[in-house]
Amino acid sequence: QVQLVESGGGLVQTGGSLRLSCTASGRALSNYNAAWFRQAPGKEREFVATILWPTSETYYAESVKGRFTISRDNAETTVYLQMNSLKPEDTAIYYCSADRRRVTPRDYTYWGQGTQVTVSS
């Protein structure tokens with residue numbers, strides 16, 4: 001069982017930056033594909049970004065392309081989401097997910113509890 005824990009959320013002004021982190025309790029995230037999703041109040045959960053194993057290929061939602069960057073640390077213990085030029089519409093709970101299988105990120109098996117990101121105008 002993989003338990004994912006997100007951190008790094010908070011309140012930031014428009015144009016500001018945050019870096020979210022995702023760790024797996026008790027294990028590394030090597031051999032796992034990982035992704036970030038977000039869910040705003042009253043909206044469905046939406047894909048943000050994914051990073052694949054072992055190539056580290058990355059894919060982004062159009063709404064965040066050029067502003068957000070997904071990455072892993074060299075020890076493969078943490079997956080990051082660097083968020084720059086934040087906008088009020090980025091306000092949401094951000095979730096980390098992971099899976100060893102090569103499936104669409106929405107079907108990843110393991111999910112964290114989420115971290116709140118609020119962007120004030």
Side-chain angles (χ1 to χ4, degrees):
Q1 186 73 8
V2 177
Q3 292 184 320
L4 301 176
V5 179
E6 303 96 337
S7 62
L11 174 65
V12 64
Q13 291 186 333
T14 297
S17 298
L18 282 174
R19 188 175 78 161
L20 305 183
S21 300
C22 172
T23 58
S25 59
R27 65 190 303 159
L29 283 171
S30 55
N31 298 326
Y32 284 83
N33 305 300
W36 287 94
F37 283 75
R38 66 186 182 186
Q39 187 166 19
K43 295 188 177 181
E44 293 188 356
R45 190 173 297 188
E46 66 172 353
F47 167 78
V48 175
T50 190
I51 184 165
L52 304 181
W53 176 268
T55 61
S56 292
E57 295 169 72
T58 57
Y59 299 92
Y60 297 90
E62 284 297 322
S63 59
V64 306
K65 202 172 289 186
R67 300 189 297 124
F68 290 11
T69 303
I70 188 171
S71 63
R72 300 177 186 267
D73 68 338
N74 289 336
E76 306 287 357
T77 60
T78 306
V79 174
Y80 300 102
L81 184 68
Q82 177 67 44
M83 306 186 295
N84 299 328
S85 302
L86 283 162
K87 306 174 181 180
E89 50 264 44
D90 295 317
T91 295
I93 300 173
Y94 282 71
Y95 298 91
C96 176
S97 63
D99 203 307
R100 286 191 173 190
R101 301 172 301 158
R102 194 68 172 255
V103 297
T104 183
R106 195 168 294 276
D107 291 335
Y108 285 177
T109 301
Y110 304 107
W111 292 79
Q113 294 299 305
T115 185
Q116 176 70 48
V117 171
T118 303
V119 184
S120 63
S121 56

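- Of all the heavy atoms in Leu18 and Val117, the pair that sits closest is CD1-CG1, 3.9 Å.
- Annotation for Pro105 and Trp111: closest pair O-CZ2, 4.0 Å, computed over non-hydrogen atoms.
- The two residues Ala24 and Leu29 have their closest heavy-atom pair at CB-CD2, 3.7 Å.
- Checked by atom type, the side-chain pair Thr109/Arg101 shows a donor-acceptor distance below 3.5 Å.
- Between Leu86 and the options Val64, Thr118, Thr91, Val119, a side chain to side chain contact (heavy atoms under 4.5 Å, CB included) holds for only Val119.
- Not one N or O on the side chain of Arg19 forms a donor-acceptor pair closer than 3.5 Å with the backbone of Gly9.
- Note: the hydrophobic cluster containing Val12 also contains Leu81 (ILVMFWY, side chain heavy atoms under 4.5 Å, direct or indirect links).
- Contact check for Arg100 versus Tyr110: no side-chain heavy atoms found under the 4.5 Å cut-off.
- Put simply, the side chain of Thr50 does not reach to within 4.5 Å of the side chain of Thr58, judged on heavy atoms.
- Residues Val2 and Tyr32 share a closest heavy-atom pair of CG2-OH, 3.3 Å.
- Judged purely by distance below 3.5 Å, without hydrogens or angles, the side chains of Tyr60 and Glu62 never pair a donor atom with an acceptor atom.
- A donor atom on one side chain and an acceptor atom on the other are not found under 3.5 Å apart for Trp53 and Asn33.
- Looking only at side-chain heavy atoms (C-beta outward), Leu52 and Arg102 come within less than 4.5 Å of each other.
- Side chain of Arg67 to main chain of Ser85: a donor-acceptor pair is present (N/O by atom type, distance under 3.5 Å, no hydrogens or angles).
- Aromatic ring centroids of Phe47 and Phe37 lie under 6.0 Å apart.
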**OP:** Test side-chain contact (heavy atoms from CB on, under 4.5 Å) on Ser97 and Arg45 and set out the steps.
**Re:** CA-CA 12 Å; Ser97 63; Arg45 190 173 297 188; over 6 Å; no
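- Inter-residue side-chain proximity for Trp36 and Val79 is flagged as met; some heavy-atom pair is nearer than 4.5 Å.
- The side-chain heavy atoms of Ile51 and Arg72, taken from C-beta on, include a pair separated by under 4.5 Å.
- The number of heavy atoms from other shown groups lying within 6.0 Å of CD (Gln113) does not exceed 12.
- Two different hydrophobic clusters hold Tyr80 and Leu4 under the rule that ILVMFWY side chains link at heavy-atom gaps under 4.5 Å.
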**OP:** I would like to know whether Ser17 and Gln82 meet side-chain contact (heavy atoms from CB on, under 4.5 Å); could you show each step before the answer?
**Re:** CA-CA 7 Å; Ser17 298; Gln82 177 67 44; 4.0 Å; yes
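- Counted within 6.0 Å of CD on Gln39, heavy atoms from surrounding residues, nucleotides or ligands total more than 12; the atom is thus considered enclosed.
- Tyr95 has its side chain within reach of Glu6: a pair of non-hydrogen atoms, C-beta onward, lies under 4.5 Å apart.
- Contact annotation: the side chain of Leu20 approaches that of Thr115 to within less than 4.5 Å [non-hydrogen atoms, C-beta and beyond].
- Rounded to the nearest 0.5 angstrom, Arg38 CZ and Glu89 CD are separated by 8.0 Å.
- Looking at Thr14 and Pro88, their side chains come closer than 4.5 Å, going by heavy atoms from C-beta outward.
- Under the 30°/60° scheme for interplanar angles, the aromatic rings of Tyr94 and Phe68 are found to be tilted.
- The environment of CD in Gln13 is sparse: at most 12 heavy-atom neighbours from other residues, nucleotides or ligands sit within 6.0 Å.
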